[in-house]
Amino acid sequence: MMNAASDAAVRRVRTRYAPSPTGSPHVGNLRTALFSYLLAKRFGGDFLLRIEDTDQTRLVPGALKDIIASLRAMGMMYDEGPDAVSIAALDKEKYGEVPTDDLPSFSGGHGPYFQSQRLHRYREVVDTLLADGKAYYAFETKEELDQQRAMCEARKVPFLYNRQYRDYDTSEAKRRVDAGEESVVRFKMPLTGTIEADDAIRGTLTWDATSQDDFVILKADGFPPYHLAAIVDDHDMDISHVLRGEEWIPSYPKHIALFRDLGWQPPIYIHTPSVLGPDKKKLAKRNGARPVTGTIYDKQTGEPIYGYVDHDGVLPEGLFNFLALVGWSPGDDSEVMSRDEIIRKFDVSGISPSPGIFDIDKLYWMNGVYVRELPQAVLAERSLPYLQRANLVPEEPDDATREYVTHVLALEQERIKVLSETPEISDYFFLPLPNYNEKSAEKWLRKPGAKEYLSDLAALLVDIQDWDHDAIEQATRTIGAKHNRERGDITHPVRVAVSGRENGPGLFEMMAVLGRERVLARLAHVVSGA
Ligand code: GLU
């Protein structure tokens with residue numbers, strides 16, 4: 001088993017996030033990226049972004065933009081990866097527009113970081129393997145392979161390529177390739193014995209050689225599959241630790257065999273646990289697989305799927321903290337931890353081999369903790385877009401409006417879990433008149449005597465000197481005493497009259513923030529009608 005700390009002492013920690021730009025990443029994909037980021041930061045190393053775009057038929061325009069935007073939104077930008085120059089060289093039709101204004105440049109690094117720009121390098125490695133007799137050309141047509149597959153299916157055994165070209169005459173193979181015949185290159189896996197490979201959290205994994213076949217390392221179109229490209233890149237980019245989803249475990253023997261035959265030292269592999277929804281099913285749109293930022297559209301229904309940060313108003317720091325705990329634990333009970341604390345505590349030994357659960361309720365809860373810690377002015381500033389979208393605050397608010405928003409949200413801060421709740425929680429502060437909850441109005445405003453208390457209170461409030469909590473409370477007491485009523489008999493109707501609802505922050509503080517004008521207008525509205 002590896003010990004991340006001792007290993008780091010001998011090799012600079014370099015990790016990578018290697019998405020295929022075949023769609024926008026969702027939180028589940030980014031959890032593994034976050035683990036890679038954390039490990040690199042823990043040891044003062046480098047976090048790389050590599051774009052695995054060898055399957056050009058599956059490219060989705062816009063995916064690359066969303067990948068970079070998600071890393072940025074989570075506060076985990078890469079230290080090395082695509083820069084403005086390499087992005088400018090991409091075909092915009094295939095990749096979409098990618099804003100590059102503030103991307104750093106990585107000249108002198110280990111680029112290019114797009115696999116599609118590294119084809120010559122893969123060819124070079126494949127040629128070496130061919131020359132060393134460790135790989136061979138195979139000429140089966142698709143139909144022939146389909147036949148082999150069908151035969152295996154009929155015998156109810158897993159399909160393994162029958163290796164018919166493994167010992168084929170190499171000069172004959174070369175002649176056919178030179179003559180332009182279509183071929184692939186396959187890697188010679190060991191025929192007997194076992195293949196062993198270490199996983200930092202699972203120990204040594206063992207496969208029987210008979211369970212493996214000679215897999216393709218160069219396709220007919222000249223592009224390598226993942227199995228070759230990732231290995232070459234992880235080596236060339238000097239990756240020390242590969243963190244990737246556990247769905248890659250079955251292909252792991254291929255990768256380790258390649259490393260060995262190439263004479264390269266493999267990185268340390270850590271297969272990360274899968275991310276499940278609260279229903280213990282694979283994370284999907286239905287149970288939380290949504291983007292961090294941006295909107296994606298369901299391939300089948302066309303329905304929009306919105307981002308946690310920009311749409312829900314989850315704070316990046318809340319999401320960072322929450323996501324770090326999906327499959328990792330610091331070894332004690334700490335849950336709410338700052339970014340720095342998580343980095344300091346992050347250790348591979350805390351990654352669990354069993355699945356992590358992505359539970360939105362827990363995310364919202366944890367985010368609420370971060371919302372409560374925000375300075376009031378910051379909470380207001382970050383909530384403005386949501387209030388603006390709901391037409392509660394103008395596009396270009398003046399200073400007085402900003403200050404008002406700050407006071408309003410300070411009153412509600414305890415109750416806000418995500419910023420998108422702010423319009424619903426606070427709309428009555430901004431609307432000319434609140435939306436009166438019908439039941440609450442019936443219960444408290446139509447009660448005998450209610451209008452009288454309200455009109456008496458209005459008369460007192462017109463004249464109080466300092467419009468503050470204490471003065472408003474005093475006026476309300478005076479009305480209670482005058483009508484010989486309990487405090488609640490007065491405060492409930494007042495609350496419903498000024499806010500339209502029965503629950504909310506402290507009544508007198510709320511009225512103090514609302515201001516005399518709004519309060520009097522609302523009392524007058526209720527007294528005269530409703
Ligand atoms: N392109 C692969 C994927 O998106 C990368 C896997 C890896 O991290 O090696 O699943």
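All of these numbers come straight from a predicted model, not from anything done at the bench. All ligand and atom numbering here is 1-based and tracks the order in the structure.
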Q. Just checking, is any N or O donor in the side chain of Asn321 or Tyr370 under 3.5 Å from an acceptor N or O on the other one?
A. yes
(Q) Evaluate Tyr308 against Val292 for side chain to side chain contact (heavy atoms under 4.5 Å, CB included), listing each step before the verdict. (A) CA-CA 5 Å; Tyr308 283 103; Val292 168; 5.8 Å; no
Q. Is the CD atom of Glu144 crowded by more than 12 outside heavy atoms at less than 6.0 Å?
A. yes
Q | Plane angle bin for His255 and Tyr226 - parallel if under 30°, tilted between 30 and 60°, otherwise perpendicular | A | perpendicular
Q: Could you verify whether a donor N or O on one side chain and an acceptor N or O on the other, from Asn162 and Gln148, lie under 3.5 Å apart?
A: yes
Ligand 1 N/O to protein N/O, distances under 3.5 Å:
{"residue": "ligand 1", "atom": "1 (N)", "partner": "Ala18", "partner atom": "O", "Å": "2.8"}
{"residue": "ligand 1", "atom": "1 (N)", "partner": "Ser20", "partner atom": "OG", "Å": "3.1"}
{"residue": "ligand 1", "atom": "1 (N)", "partner": "Glu52", "partner atom": "OE1", "Å": "2.7"}
{"residue": "ligand 1", "atom": "8 (O)", "partner": "Arg16", "partner atom": "NH1", "Å": "2.8"}
{"residue": "ligand 1", "atom": "9 (O)", "partner": "Arg16", "partner atom": "NH1", "Å": "3.4"}
{"residue": "ligand 1", "atom": "9 (O)", "partner": "Arg16", "partner atom": "NH2", "Å": "2.7"}
{"residue": "ligand 1", "atom": "9 (O)", "partner": "Tyr226", "partner atom": "OH", "Å": "2.4"}
{"residue": "ligand 1", "atom": "10 (O)", "partner": "Trp248", "partner atom": "NE1", "Å": "3.4"}

Q. Below 4.0 angstrom, N of the basic side chain to O of the carboxylate: do Asp261 and Lys134 qualify?
A. no
